[in-house]
Protein chains: 2
Amino acid sequence: MEPPVSPRRVTIVDVARHAQVSTTAVSKVLRNAYGASPEMRARVRRAIDELGYRPLAAARGLRGQTYTIGVMLPDIRNPFFPEILDGVTSCLADTDYQVLLGPGCGVNEEAGVIEAMIDRGMDGLVLVAPVSPRARLERVAADVPTVVVGRHGHSPAYDTVADDDVAGAALVVGHLAGLGHRRIAHIEHHEADPTRRVEMPNAQRADGYRQAMRGLGLEAEIDVVSTSYTQEGGYKGAQQLLARPTRPTAVFAGADIVAMGVLEAVAEAGLSVPGDVSVAGYDNTTFAALGPISLTSVDQAGREIGRNAARLLLERIADRGKTSVQIKLSPTLVPRRTTAAPPSA
Amino acid sequence: MEPPVSPRRVTIVDVARHAQVSTTAVSKVLRNAYGASPEMRARVRRAIDELGYRPLAAARGLRGQTYTIGVMLPDIRNPFFPEILDGVTSCLADTDYQVLLGPGCGVNEEAGVIEAMIDRGMDGLVLVAPVSPRARLERVAADVPTVVVGRHGHSPAYDTVADDDVAGAALVVGHLAGLGHRRIAHIEHHEADPTRRVEMPNAQRADGYRQAMRGLGLEAEIDVVSTSYTQEGGYKGAQQLLARPTRPTAVFAGADIVAMGVLEAVAEAGLSVPGDVSVAGYDNTTFAALGPISLTSVDQAGREIGRNAARLLLERIADRGKTSVQIKLSPTLVPRRTTAAPPSA
DNA sequence: TTGAAAGCGCTAACAG
DNA sequence: CTGTTAGCGCTTTCAA
């Protein structure tokens, strides 16, 4: 007993025959292309509906476009990235483009995922916080229209959209200083690569922290621990900070997930938040808002970032030669219950 | 000044010419197909390397396979789903298959995302917790090899992999009862559709709760509030429960995200966890483990689920006619700090 | 405005 | 074992 063999897929030829026109005509209607009378369009549309025809993207791609946009997220677990994705899809919702995602990928898999997307004929790529060397990104962008998100640095080959991380860091420092803190420490993600030290958000946040501290005359209080943007990185970083002869009264973690580790270490040390130590994060991820956590954080307006990225991508698909654009969006501070005046203030 | 036009992509013809063989030979090497001498394979491989050739998936798909597996996740924000994805990709890592994800999709977009994946020539589909009617899933499965994850119910058309939600619910109830609780309430996700009332995990968890309560002689204590698997659903559900004349001493939330809402409502009512009320979730999501939350939860072994799904899919791609398989995996309980003995115990 | 015909890059029959 | 040839479903010249 065979499983019912699905009847051959309806093709453009079927539609053409049904509508009594040429396949060319059908193709024109599909692409809203020039050179088909209203009557013909109507007939073709009706045939398409009656037969339930859907064009095969792979076949279209062989000559023209696949109408597919590839989005690469570095870490699907970071609750900030879905925001960007939402922005991208919402902007593309009214178009013929479909979004497909690369699977969450670490540093090692990034190149492979990008290649896979190119090989699958994506019409455009949105790369979120890519770690690949600049030269590689430019080669990719030469192959297919590309927008790089969440990474600073200009290139004529691709557009960029990013949050102003320097300003974001300043918001946190200003907030904490405003509460009366002076010993404000920062936990950063260690970055060895020189280009990335300039272009990656983590580096910019650390820079922003230093600048802001200086700007407030707290130069002497600058205290940066270099671990990684992970919960463990936050935990270990906080342990170091809490072991200082005079420990900081506030910790600015470079990312919310880092702040989680900080909270854990602080609790373990028998200290309270924000009574003994204030803690702030960055990204305003979903769990920052969770009642039991209620973490002060910086909101990056991820949806807005995504929307802009999609818009730029469509523009670049329409005109591959256009000069590249850099968009920097201003973050906002979301104060919650993990920050308060320092104990002795 | 033109941007440097990327030189035409290397094709199978270029490789064939470079290696002085036919395109057929190259194709055979690419597919590890029968009928090519070792020497020829070697020559072709060398040519491929020298030219940096990569096959175009879209073109392959037109005749054969695209070597692409589509994975649909219902909600990219739920930290449980990435686990499944990890399992899928890890199982596929050694194969020629690449995974692409549909963008997080709500109830309304699901059909569109599935269609988009089919239209892009996916060789196989992994549908995680799909809400589409059974008949629709079967039609999809008739078109392309499909594995349905996290939804119960047999079908000859597709394989399924799911967690044993009834057992998971029993674990929670047993744990709470073991601590001395009797008034154990449950917050479920309301399900109107009759098929889904049987097949969806949320319904099975509610059933499991009822069964377990009965099994422990706590039939009279059964108390189910029907909201939704969201933070808000947990918040509102908890408010109802806390307003009971004699309020429950423990709340089993159907999902971790629901438990977050419960924790918030409990705190707002001036009660403590687990002092006054114990709270347990389901899914063992990343944030359940976060220090400040430390939520007792049920672990579904998402990676294992994903691995199994990928394995079944490969089997089905190899033999589309094979009889369908249903795999049910046993969850485990992860006790943390939100559950303890009831106040008066 | 319309349609015939020639590909896009690859795989699958089928001859040699 | 090897290569020739005919498509896959669609878009794109280019004549009519």
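So you know, we letter chains A, B, ... as the sequences are listed, proteins then strands, and number each from 1.
- In this structure, the ring-ring contact (aromatic ring centres under 6.0 Å, His included) partners of Y67(B), at least two apart in sequence or on a different chain, are Y97(B).
- Residue pairs meeting the salt bridge (charged side-chain N to carboxylate O under 4.0 Å, His left out) criterion with at least one partner in residues 123-142 of chain A, sequence neighbours excluded, are R134(A)-E138(A), R134(A)-E199(A).
- A pairwise comparison of heavy atoms in R41(B) and V29(B) identifies NH1-CA, 3.8 Å as the closest pair.
- Surrounding CZ of R46(A) are at most 12 heavy atoms belonging to other residues, nucleotides or ligands under 6.0 Å away.
- Contacts between residues 37-50 of chain A and DNA chain C, defined by a heavy-atom separation under 4.0 Å, are made by S37(A), M40(A).
- One end of the helix from dT1(C)-dA16(D) to dG16(C)-dC1(D) points its axis 40° away from the other end's axis, with each axis taken from 5 pairs and the angle rounded to 10°.
- Within 4.0 Å (heavy atoms only), A36(A) reaches sugar-phosphate atoms of the nucleic acid but no base atom.
- Taking each heavy atom of P133(B) and R151(B) in turn, the nearest pair found is C-NH2, 4.3 Å.
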Protein within reach of the bases, or only the backbone? For nucleotides 6-16 of chain D, mark each nucleotide 5' to 3' as B, S or -, using heavy atoms under 4.0 Å. BBBBBBB----

Chi angles and distances behind the side chain to side chain contact (heavy atoms under 4.5 Å, CB included) call for I12(B), L30(B): CA-CA 10 Å; I12(B) 200 173; L30(B) 288 177; 4.2 Å; yes

Between V148(A) and D159(A), is the side chain to side chain contact (heavy atoms under 4.5 Å, CB included) condition met? List the steps. CA-CA 6 Å; V148(A) 171; D159(A) 305 299; over 6 Å; no

Would S27(B) and R31(B) count as a side-chain hydrogen bond (donor to acceptor under 3.5 Å, both in side chains) here? Give the steps. CA-CA 6 Å; S27(B) 177; R31(B) 291 173 292 123; 3.1 Å; yes

Donor-acceptor pairs under 3.5 Å, side chain of residues 79-88 of chain A to any protein atom, not counting sequence neighbours: which ones?
residue, atom, partner, partner atom, Å
E83(A), OE2, R77(B), NH2, 3.0
D86(A), OD2, R303(A), NH1, 3.3
D86(A), OD2, R77(B), NH1, 3.3
D86(A), OD2, R77(B), NH2, 2.9

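- Atom pair R17(B):CZ and dG9(C):P shows a separation of 12 Å (rounding to whole Å applied).
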From CA spacing to verdict: side-chain hydrogen bond (donor to acceptor under 3.5 Å, both in side chains), T68(B), R120(B): CA-CA 9 Å; T68(B) 313; R120(B) 273 142 193 90; over 6 Å; no

